[in-house]
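Beneath this line is the structure, given in structure tokens, with notes to follow.
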Amino acid sequence: MKEKIYEIEKEIENTVLNNAKQLEEFRIKYLGSKGKIKDLFSFLKEAPKEEKREIGQLMNMLRKSAQSKFDDSTEKLNFAQETEHKIDLSRPADQNEIGARHPLSLVRSEIIEIFNRIGFTVSEGPEIEDDWHNFSALNFPPEHPARDMQDTFFIEKGENEIALRTHTSSVQVRVMENDKPPIRTISPGRVYRNEAISARAHCFFHQVEGLYIDKNVSFADLKQTLLYFAKELFGEKAKIRLRPSYFPFTEPSAEVDVSCTICNSKGCNVCKYTGWLEILGCGMVDPNVLEASNIDSKIYTGFAFGMGVERIAQLKYKVNDLRLYSENDVRFLKQFTAGN
Ligand code: PHE
């Protein structure tokens, strides 16, 4: 009897269960009501008395191991079937969603490219500046209101004031200190001003400022450069006009308007029915500024200009709330693509 049990045990061990058919055959052959194990149990009563207990235990073990072989194989087969369904090798790969470029980054690149084409290099500098580079070297009188707490985020007050730069003119001072003319550079970058945040003002924004210093640089060069810029950016029909203005670091100074591209100068609510949009400030570099950076103002002259990137982006994309640029709302951000 024991031999019979061992024999079946071996048989079970050697059975391969790889598919549903084999499983079913195995179940009928060993576990079913007419199966071999059931059969064995019916012979138990014929076993010699003293062996009954042992044989009974062996039979139980045999039944258990047959059952667990069946259960394990069933589970494995189900799992294999499931994963087979999940893996579809012909399915196209998931697309990596690529974000869009930020509108300010697009506009900044476009401005840089336009000036690159006429020989302007790009220079950058620190956002945390000392008083000298942000104000004093730029001919700001000590009592000038722009130095007030109102406009400037100070980091250290006192002898050597440290602040977040309020414009990227500070970078131009650094260029003038380090390079000899001719200088032809633009400085893009983030600037900070202590203003209440609203649709029309923010505590930080972006600028591109330009500087050109050489012998015989004239106001006519400045006008022509800016006209070229406006046409490149807003189209061949763009016109510019200059209005007298004041900046401590330029003399004479002007504010530049471009003809309204939205209504073709007919008058709309963006240009406030004037037909013109203000886009930048400019002027001839004040001799004091050249001298402060050890450039001989008797030999060299120069012009400078500065514009807000948000302002230009607003005109290009008709975005009328400055806050949208820094809120990182993807619904806003994904609307911008290069060439728009
Ligand atoms: N720095 C000025 C500003 O931040 C812009 C400017 C630059 C004006 C150069 C004139 C010349 O508003």
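This structure is a prediction, so every number in the text was calculated from the model and none was measured. Values reported hereafter were calculated over all heavy atoms of this structure, with side chains retained and with hydrogens, waters and symmetry mates removed. In listed order, ligands and their atoms are each counted from 1.
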Item checked: Sub-4.0 Å heavy-atom contact, Q207 with ligand 1 -> yes
Checklist line | Full working for side-chain contact (heavy atoms from CB on, under 4.5 Å) between I8 and L62 | finding: CA-CA 8 Å; I8 298 180; L62 181 68; 3.9 Å; yes
Checklist line | Between Y30 and E11: side-chain donor-acceptor atoms closer than 3.5 Å | finding: yes
Next item on the list: Go through ligand 1 atom by atom and flag the ones less than 4.0 Å from a non-hydrogen atom of F305.
Entry: 7 (C), 9 (C), 11 (C)
Notebook entry, point to check: What is the nearest protein non-hydrogen atom to atom 2 (C) of ligand 1, stated with its residue, atom name and distance?
Noted result: E209 OE2, 3.5 Å
Check: Counting only N and O atoms by type, is there a donor-acceptor contact under 3.5 Å from the side chain of N134 to the main-chain atoms of D131?
Finding: no
Notebook entry, point to check: Between Y228 and V122, is there a shared hydrophobic cluster once you connect ILVMFWY residues whose side-chain heavy atoms come closer than 4.5 Å?
Noted result: yes
Next item on the list: Number the atoms of ligand 1 from 1 as they appear, then name those within less than 4.0 Å of a heavy atom of F247, with their elements.
Entry: 8 (C), 10 (C)
Check: Should one rank S245, G308, C282 by closest heavy-atom distance to atom 10 (C) of ligand 1, which comes out on top?
Finding: C282
Next item on the list: Would you check whether E255 reaches within less than 4.0 Å of ligand 1, judged by its heavy atoms?
Entry: no
Item checked: Atoms of ligand 1, numbered as shown, that sit under 4.0 Å from any heavy atom of F249 -> 1 (N), 2 (C), 6 (C), 7 (C), 8 (C), 9 (C), 10 (C), 11 (C)
Notebook entry, point to check: For ligand 1, which atoms sit closer than 4.0 Å to a heavy atom of A304?
Noted result: 9 (C), 11 (C)
Item checked: Verdict with reasoning, E310 to H206, per side-chain hydrogen bond (donor to acceptor under 3.5 Å, both in side chains) -> CA-CA 7 Å; E310 278 81 349; H206 300 79; 2.8 Å; yes
Checklist line | T121 backbone acceptor or donor facing T185 side chain under 3.5 Å | finding: yes
Check: Of the protein's non-hydrogen atoms, which lies at the shortest distance from atom 12 (O) of ligand 1, and what is that distance?
Finding: R193 NH2, 3.8 Å
Next item on the list: Quickly, which of Y325, Y192, F153 forms a side chain to side chain contact (heavy atoms under 4.5 Å, CB included) with F204? Name it, please.
Entry: Y192
Notebook entry, point to check: What do you reckon, does S169 have a nitrogen or oxygen under 3.5 Å from a nitrogen or oxygen of ligand 1?
Noted result: yes
